[in-house]
A.B. asks: 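First the structure, then my questions, so here it is.
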Amino acid sequence: MDMSTINWLAVAAASLVGFVVGPLWYGPLFGKSWMATVGLKPEDAGRANMAAIYSLCLLLQAVMALCLAMFLNAPEIGLAEGAMYGFLTGAG
């Protein structure tokens, strides 16, 4: 695979967007219902190493964005195929 054709700015942007959406999703939007579902209490979550959690989250977001960029790095893939591959990758 030719890594020089990957849009690194798009990979960085996708990583950052995922990194920003995650805390919103598991915080003010659905945090209480998520914690109740997995059996966490707010005091349990307060004892977590947040620096390690956020660092790992950003790293894994970057890996996921890079994998998707490599997966879709073909000129014959159009909008419909790209949307389908993105949906299937996210669902998987």
Side-chain angles (χ1 to χ4, degrees):
M1 164 168 277
D2 185 12
M3 298 288 280
S4 68
T5 60
I6 290 181
N7 186 344
W8 293 102
L9 184 60
V11 171
S15 302
L16 291 176
V17 166
F19 185 71
V20 169
V21 169
L24 291 173
W25 189 267
Y26 292 104
L29 294 177
F30 301 107
K32 290 181 183 177
S33 59
W34 171 74
M35 288 179 75
T37 301
V38 297
L40 281 175
K41 294 183 174 75
E43 49 276 355
D44 295 335
R47 286 184 259 149
N49 184 350
M50 297 310 285
I53 290 171
Y54 281 118
S55 299
L56 184 60
C57 178
L58 182 59
L59 174 68
L60 293 176
Q61 288 286 345
V63 167
M64 184 171 56
L66 179 60
C67 289
L68 191 56
M70 289 189 303
F71 183 58
L72 296 174
N73 192 21
E76 64 272 2
I77 294 177
L79 181 63
E81 293 90 356
M84 182 189 68
Y85 291 156
F87 172 76
L88 292 174
T89 302

A.B. asks: Consider only side-chain heavy atoms of I, L, V, M, F, W and Y, link residues closer than 4.5 Å, and tell whether Leu88 and Phe71 are in one cluster.
C.D. replies: yes
A.B. asks: Looking at CE of Met3 and CD1 of Ile6, how far apart are the two atoms once the value is rounded to the nearest 0.5 Å?
C.D. replies: 4.0 Å
A.B. asks: Show the nearest heavy-atom pair for residues Ile53 and Ala48, with the distance to one decimal.
C.D. replies: CD1-CB, 3.7 Å
A.B. asks: Provide the closest heavy-atom pair for Val11 versus Ala65 in the form atom of the first, atom of the second, distance.
C.D. replies: O-CB, 3.7 Å
A.B. asks: Hey, quick one: are Trp25 and Met35 part of the same hydrophobic cluster, counting side-chain heavy atoms closer than 4.5 Å, chains of contacts allowed?
C.D. replies: yes
A.B. asks: Once you round to the nearest 0.5 Å, how far does CG of Leu56 lie from CD of Gln61?
C.D. replies: 10.5 Å
A.B. asks: List the atom of Pro23, the atom of Val20, and the distance in Å for their closest heavy-atom pair.
C.D. replies: CD-O, 3.4 Å
A.B. asks: Got a sec, which pairs hit ring pair (Phe, Tyr, Trp, His ring centres under 6.0 Å) with one end in residues 34-54, sequence neighbours left out?
C.D. replies: Phe19-Tyr54, Tyr26-Trp34
A.B. asks: Would a hydrophobic clustering, with Ile, Leu, Val, Met, Phe, Trp and Tyr connected at side-chain separations under 4.5 Å, put Met64 with Phe87?
C.D. replies: no
A.B. asks: When Ile, Leu, Val, Met, Phe, Trp and Tyr are grouped by side-chain heavy atoms lying under 4.5 Å apart, directly or through other members, which residues fall in the same group as Val17?
C.D. replies: Val21
A.B. asks: Between Thr5, Asn7, Leu68, which is the residue that forms a side chain to side chain contact (heavy atoms under 4.5 Å, CB included) with Asn73?
C.D. replies: Thr5
A.B. asks: Between Met70 and Val63, is there shared hydrophobic-cluster membership here, with clusters defined by ILVMFWY side-chain heavy atoms closer than 4.5 Å?
C.D. replies: no
